[in-house]
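Comments concern the structure below.
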Amino acid sequence: MKKRYLLPLALLAFSSCSKDFLNQEDPNAVTIANYYKTETDVLLAVNGLYQGLRSGSTLGESSTLYNEERSDNSGRNDNQSSAGEPFQFNDFSILPSNTYLKTHWTAMYDAIARCNTLLAHVDNVKFNDENLKERYKAEAKFVRALLYFHMVRKFGDIPLSTVEVTSKEQANELAFRQKEEVVYAQIVKDLTEALSSNLPDTQHDYEIGRTSKAAINAILGQVYLTMGSTMPNNKQANFQKAEQFLNASYGLRKFGKLNEIPYADVFDVSKKKTNKELIFQVEYLAGDQNYSSSIARNYQARGENINSLFKSTGSGEVVKLDLIKDYEEKDIRKDFSVKFAKDVQVNDWFVTKFRDVSTAAGTTGWGGNDWILIRYADVMLLLAEAKMNLGKNSEAIELVNEVRARAGLSTYEIAQEDPSYKSKYPTLKDAILHERRVELAFENQRWFDLVRNYNAQELVTYFKKKSQGDYGNAKISNITTKDRYYPIPFDEYKLNPEKMYQNPGY
C-alpha cells in the first residue's frame, strides 16, 4: 500500500511503506491510484485544494502573522513566553529556527503538493464533459500559482515542483532553490493556462469561494506588476502586461462606480454571497466549530462588543499608531476599521474591520466572515499603480479618485492643494501606496505593497523614518536589508546548505 508522509522541503509525497510479513494491504486504506476514479472524486479533491487555503498557516484569516504583522499596520506588543516567536515577525528579529515560519513553509508546500497530485491523476479519469475536466485543472493551477506567488515574494528563490512526488529520491532531486524568475515563469504559465479554460467570468457565475476569470486576471496582473517592479529585466513589458490583465479583471465587474457599494457592505457577513466587489474569498461558516471564522472574536479587545458577542479578555489585534495617523480627516474607513479600547488593560487601538454579531455566531464567536483575497478596490489601485509606471498618470489618478470618493474624501488633485497631504505624499507613487494602505488595511496586502515598491535599502530607509513611539514595542532599529526576505527555515537549510542556501544576513 502507499502512505502519505512529509518529505524534506515539505514536498508532500506518497511512498511505498515496508512490507509486513503477511504482505497484505490495509483493507481500509485508500491509495492515491485508487482514489481518482470518478468525476465526483476529482470534485472532492478540487474542494480539498480550496480547503487548503483556509488554514492560518497558509493563506487563511490568521495568516496575518506572515503578512500584516510584518508590516507597519499591526503587530503584537507581547514579546514574552509563547508570544516571543510571533513577536519576531514585526520586530525584525526573526530567526531561521522560528517554528511559526517553519509551519508556514510546510503548510504552503503541503497545499502545493495537493495541486500537483490532482494534476498528476486527473487525466486518467473519464469525464462525460471534457470541458469540466479542463475547468478542474484550471482551478488546481490557479491555486498552485497563488501559493507560489505568496512564497516567492516572502522567501525569494524557492524550491519549485509541479509534479507529484512519490519517493524520497525524487524529493531530494527537487530539494534545491530555484531563482525567482524561474518561479515567476511557472506562476505565469499556470495562470495563463488557467485563463484559457472555460471558467466563468466571476465567482457569482460559478460558485462563491471558487476561482474565475476575474480572479485569474487579477492575480496575473499583480504578478506582472510585481515582476515589473522587482525584476531587473523587461520592466516596461511587464507593466504593460500588468495593465492588460488588471484591465481585463476590472472589465468583468458587475457594477458601475465603486461608490455603488458601501465600504461596510464589503465586510458584511449577511452580504458576502451577493457583494459585487468580492472577486475571490476563502469561505467560513458561522456557527460551525470546525469551519467558522474566529477573526471577529480574536480581533476584539477587552471591554468591547463591536466585533463579536464573544466576551474578549485580550487586547485584540493591535493597530500601529503609525497607521492611525495615516488616515485622513473624514475618511469613513477609519471609524469602520479601527477603534480605541479604553479598558485599562488594553488602552490601545484594535481592529474592528471584521465583525459578526449575528445570532449564528453567538457568544462563542464562531463567525461567518469570509477571508477576502481579491476585491475590486484592490484591482483598481493595482491598475492605477501599473498605469503610473507606464506614465499614464491621469488615468491612474482617475482610479484613485474613484476609491477616494467612496471613502468620502476629495479628489487627489484637491488633496494635493493641502500642504499636509502634499508633504506626506509628494508623489503619485506615495499617494497610491497611502490609498492602498488605508483601503486594504489588515487584508494582508501591506507588506507585499512595500516590498513591491521599495528595494531592500529603500525599505530600511522607509521604516527608519518612522517614530518608535508610533510603532509599539517592536524595534524599528532592528530592520536591515536582510529583512526584505524571510530566512529559509533552518531545518530546510541544514538538509543541504549548498542547494538550500540561506538568505543573506541570517
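Owing to the predicted nature of the structure, the values given are computational and were not obtained by experimental measurement.
Here E439 pairs with R375 in a salt bridge; the nearest charged N to carboxylate O distance falls below 4.0 Å. Salt-bridge annotation for R437 and D322: present, with a side-chain N of the basic residue lying under 4.0 Å from a carboxylate O of the acidic one. Contact check on K466 versus D72 returns a salt bridge, with a Lys/Arg side-chain nitrogen under 4.0 Å from an Asp/Glu carboxylate oxygen.
For K330, there are no salt bridge (Lys or Arg N to Asp or Glu O under 4.0 Å) partners two or more places apart in sequence or in a different chain. Not a single salt bridge (Lys or Arg N to Asp or Glu O under 4.0 Å) links K475 to another residue, sequence neighbours left out. By the ring pair (Phe, Tyr, Trp, His ring centres under 6.0 Å) test, Y66 pairs with F89, H104, sequence neighbours left out. Evaluation of the ring pair (Phe, Tyr, Trp, His ring centres under 6.0 Å) rule for Y206 yields no partner, not counting sequence neighbours. Scored by the side-chain hydrogen bond (donor to acceptor under 3.5 Å, both in side chains) test, R452 finds E385, D449 as partners (sequence neighbours excluded). Qualifying ring pair (Phe, Tyr, Trp, His ring centres under 6.0 Å) partners for W349, counting only residues two or more places apart in sequence or in other chains: F340. Every salt bridge (Lys or Arg N to Asp or Glu O under 4.0 Å) that E395 has, sequence neighbours left out, goes to K387. The salt bridge (Lys or Arg N to Asp or Glu O under 4.0 Å) check on D470 picks up K325, with sequence neighbours excluded. Under the ring pair (Phe, Tyr, Trp, His ring centres under 6.0 Å) criterion, F280 pairs with F142, not counting sequence neighbours.
A side-chain hydrogen bond (donor to acceptor under 3.5 Å, both in side chains) check over residues 221-230, counting only residues at least two apart or in different chains, returns nothing. Counting only residues at least two apart or in different chains, ring pair (Phe, Tyr, Trp, His ring centres under 6.0 Å) contacts with residues 381-423 comprise Y421-Y425. Every pair passing ring pair (Phe, Tyr, Trp, His ring centres under 6.0 Å) that includes a residue from residues 451-474 is listed here, sequence neighbours excluded: F92-F463, Y454-Y462.
Aromatic ring pairs are classed by plane angle as parallel below 30°, tilted from 30° to 60° and perpendicular above 60°; the pair Y263 and F267 is perpendicular.
Screening F442, Y284, F354 against W371 for a ring-ring contact (aromatic ring centres under 6.0 Å, His included) leaves a single residue, F354.
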